[in-house]
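Notes to accompany the following structure.
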Amino acid sequence: MPHHAPIGVFDSGIGGLSVLQALRAEMPAEQFIYLADTGNAPYGERGDAFVMRRTQTLARYLVQQHGVKAMVIACNTATAAAIDQVRQRFPHLPVVGVEPAVKPAAMASRTGHIAVMATRGTATSSRFAKLVASMPHGVQCRVQACDGLASAIEAELAQDDPSTLVDGGARALHGRTLELCSQYLAALGPFGSEAGAADTLVLGCTHYVFAQAFIQDVIGTKVQIFSTGGPVALQTQRLLAARGQLATAQSSDLVGGVRLLSTGDGNSLAQAAQRWLGIKTEVRRLSAR
Ligand code: DGL
């Protein structure tokens with residue numbers, strides 16, 4: 001596999017951009033193909049068989065059409081449903097997934113209570129059950145399946161004009177997103193450093209990172225929030241380095257080293273890429289199948 005081949009990254013929508021941000025920071029010389037399955041989103045409430053099928057289709061597309069040298073499944077729901085199958089299908093390709101950062105949160109917790117926000121697909125998966133079971137003894141984990149939250153975030157980002165937003169857009173989220181965040185955080189609480197309260201919160205869906213500033217406002221600054229972009233980027237970098245496949249110099253003609261593809265309306269992806277990654281580029285539309 002040539003070291004100048006791109007790295008494929010995909011999610012049901014814009015959520016994986018939060019992972020792409022970390023990947024670009026870790027490996028600025030690389031080229032990335034980011035694929036949002038907007039035409040089939042959200043994944044969180046669709047069931048395993050559907051998510052497994054979509055994940056396999058997208059992985060195959062990235063390998064066959066773009067010759068990717070590594071793949072990042074930047075979606076907790078798809079990782080939980082199908083990473084094993086993707087690894088089996090492409091045994092020679094480094095495949096990195098994202099999983100809720102339950103272990104680091106449990107290690108950091110002083111109260112012994114951690115909280116997790118995730119999609120229903122992730123929260124009810126056997127992979128997630130195993131993660132929770134592997135936590136240090138005595139740590140309690142509260143989990144909330146946040147139906148509708150990823151879609152609400154996606155819909156809001158598609159509507160807004162980034163030029164009107166302040167603070168990277170995080171506090172500019174409104175309406176349905178804030179309503180759902182407040183409702184789910186209330187169900188997970190109490191939060192804080194007192195005995196019995198959760199002092200760490202895991203964002204177990206890559207979309208939720210876009211609402212992190214608001215979530216932090218609600219739960220307070222004493223509660224530590226965990227997401228997975230950084231560790232995933234580091235792991236991808238390590239796997240490529242071990243194979244001698246890291247790009248040696250930036251040889252890309254892509255804007256910001258990134259090509260954006262979507263199986264649906266690319267508006268939310270274009271807006272989010274501009275707002276969060278500072279990349280203003282076209283989104284190519286693919287057939288949803
Ligand atoms: N961003 C995805 C995740 O991390 C999925 C969101 C969805 O499509 O429901 O799980």
Side-chain angles (χ1 to χ4, degrees), residues 8-23 34-59 71-83 86 95-102 105 116-129 131-132 143-158 173 176-177 180-181 184 201-212 215 225-233 260-266 268-269 271-273 276-277 288:
V9 184
F10 67 88
D11 180 33
S12 63
I14 59 163
L17 289 179
S18 60
V19 178
L20 180 60
Q21 196 170 32
L23 287 163
Y34 184 90
L35 171 52
D37 197 15
T38 321
N40 294 287
Y43 284 177
E45 293 124 66
R46 297 295 275 266
D48 269 7
F50 179 86
V51 176
M52 210 181 281
R53 232 177 15 252
R54 288 309 304 161
T55 304
Q56 285 167 334
T57 301
L58 300 184
M71 187 145 21
V72 179
I73 305 180
C75 173
N76 293 264
T77 314
T79 301
I83 193 167
V86 174
V95 178
V96 181
V98 297
E99 290 190 308
V102 163
V116 182
M117 296 171 79
T119 66
R120 184 162 296 277
T122 299
T124 57
S125 68
S126 55
R127 229 186 147 84
F128 181 70
L131 263 185
V132 172
V143 186
Q144 179 64 44
C146 302
D147 291 347
L149 183 53
S151 307
I153 291 172
E154 187 104 16
E156 282 193 30
L157 287 172
L173 291 168
R176 188 76 185 133
T177 300
L180 287 173
C181 280
Y184 292 136
L201 171 67
V202 177
L203 301 182
C205 167
T206 50
H207 278 74
Y208 304 165
V209 177
F210 295 107
Q212 181 163 339
I215 291 171
I225 296 183
F226 288 80
S227 56
T228 4
V232 164
L260 299 176
L261 310 171
S262 170
T263 59
D265 174 9
S268 56
L269 183 57
Q271 299 271 25
W276 296 90
L277 274 64

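In each ligand, atom 1 is the first atom listed, and ligand 1 is the first ligand listed. For the single chain, residues carry numbers from 1 onward in sequence order. The analysis underlying the following values was restricted to heavy atoms, covering all of them including side chains, and did not include hydrogens, waters or symmetry mates.
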### Query
Going through the checks in order, is the side chain to side chain contact (heavy atoms under 4.5 Å, CB included) test met by Glu99 and Thr228?
CA-CA 7 Å; Glu99 290 190 308; Thr228 4; 5.8 Å; no

### Interatomic distance, Leu269 atom CG to Thr263 atom OG1 [nearest 0.5 angstrom]
10.0 Å

### Message
For the NE2 atom of His207 and the OG1 atom of Thr119, what is their distance to the nearest 0.5 Å?
### Response
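Nearest 0.5 Å value for the NE2-OG1 distance: 10.5 Å.
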
### Query
Who's touching ligand 1 if we go heavy atoms under 4.0 Å?
Asp11, Ser12, Pro42, Tyr43, Gly44, Cys75, Asn76, Thr77, Thr119, Ala150, Cys205, Thr206, His207

### Task
Can you see which heavy atom on Gly121 is nearest to which on Thr77, and at what distance?
CA-CG2, 4.1 Å

#### Entry: Where Thr38 and Asp265 come nearest, the two heavy atoms and their spacing
CG2-O, 3.8 Å

### Query
Any chance the side chains of Ser268 and Glu154 put a donor and an acceptor closer than 3.5 Å?
yes

